[in-house]
Amino acid sequence: MSGIAGLAWYRAEQWELLRKHAVDKSNLELTYDEWHRIALEKLLDLRARGINVVPVNVDVDELLKWCNENNLPVDGASRSQYALKLAQDK
C-alpha cells in the first residue's frame with residue numbers, strides 16, 4: 001500500500017518501557033501526556049496538509065522484538081519504520 005504514513009501511537013502504560021529502551025530517549029518527551037499532546041497535534045497537522053496519515057497502535061514489547069530481530073536500535077528511525085510496516089500490513 002502506498003501513499004499512507006503511519007504515526008506510531010503508544011499506550012500510557014508502556015511509555016516508560018519505551019523510554020527505558022530508546023537509544024534516543026533525550027528526543028522523547030518525559031511524560032506520556034506530553035507526548036500524546038504533541039503526537040495529536042502532529043497527526044492533525046499532517047492531515048491538514050493532505051498527508052494520508054493514520055495512528056498505528058504500537059505494542060512496545062513487539063517493537064523491541066522487531067528491532068532485535070532486525071538488528072536495529074530503538075530510535076526514531078526504527079520506530080517510524082516499524083509504524084509504517086504496521087500501517088502497510090493493515
Check your understanding: In terms of hydrophobic clustering (I, L, V, M, F, W, Y; side-chain heavy atoms under 4.5 Å; direct or indirect links), are V23 and L64 co-clustered?
Key -> no

Point to revise | N/O donor-acceptor pair under 3.5 Å between Y82 side chain and A77 backbone | key: no

Check your understanding: Taking atom CG of D45 and atom CD1 of I38, what is their separation to the nearest 0.5 Å?
Key -> 13.0 Å

Exercise for review: Decide if atom NZ of K20 counts as having more than 12 heavy atoms of other residues, nucleotides or ligands within a radius under 6.0 Å.
Suggested key: no

Point to revise | Minimum heavy-atom distance V56-G6, with the two atoms named | key: CG2-CA, 3.7 Å

**Study point:** Between CD on residue E16 and NZ on residue K25, distance to nearest 0.5 Å
**Key:** 9.0 Å

Check your understanding: In Å, rounded to the nearest 0.5 Å, how long is the span from CG of L7 to CG of L40?
Key -> 9.5 Å

Exercise for review: Locate the shortest heavy-atom distance separating L18 from R79; write the atom from each residue and the value.
Suggested key: CD1-CD, 3.9 Å

**Study point:** Sub-4.5 Å side-chain heavy-atom contact between R37 and D33
**Key:** no

Study note, to complete from the structure: Distance col, row L84:CG vs D89:CG, nearest 0.5 angstrom, shows 9.0 Å

Review point. So do the side chains of Q14 and D61 get within less than 4.5 Å of each other, counting heavy atoms only?
Key: yes

Review point. Do D24 side-chain atoms and G76 backbone N/O form a donor-acceptor pair below 3.5 Å?
Key: yes

**Study point:** L86 and V58, any side-chain heavy atoms less than 4.5 Å apart
**Key:** yes

Point to revise | Residue pair S78 / P73, side-chain heavy-atom distance below 4.5 Å | key: yes

Practice item. State the CD-CG distance between Q81 and L63, to the nearest 0.5 angstrom. Key: 10.5 Å

Check your understanding: Has the side chain of R47 got a donor or acceptor atom that lies under 3.5 Å from a matching backbone atom of N52?
Key -> no

Practice item. Run the ring-centre check on W9 versus H36 and record whether the distance is less than 6.0 Å. Key: yes

Review point. For E29 and W15, what are the C-alpha separation, side-chain angles and deciding distance, and is it a side chain to side chain contact (heavy atoms under 4.5 Å, CB included)?
Key: CA-CA 10 Å; E29 291 73 21; W15 186 249; 4.3 Å; yes

Check your understanding: Got R19 and L30 here, is their nearest side-chain heavy-atom distance under 4.5 Å?
Key -> yes

**Study point:** Value rounded to 0.5 Å, distance of CZ in R11 from CG in L17
**Key:** 10.0 Å

Review point. Is W66 close to K85 at the side-chain level, that is, under 4.5 Å between some pair of heavy atoms?
Key: yes

Practice item. Check whether any side-chain heavy atom of Y10 sits under 4.5 Å from a side-chain heavy atom of V60, and report yes or no. Key: yes

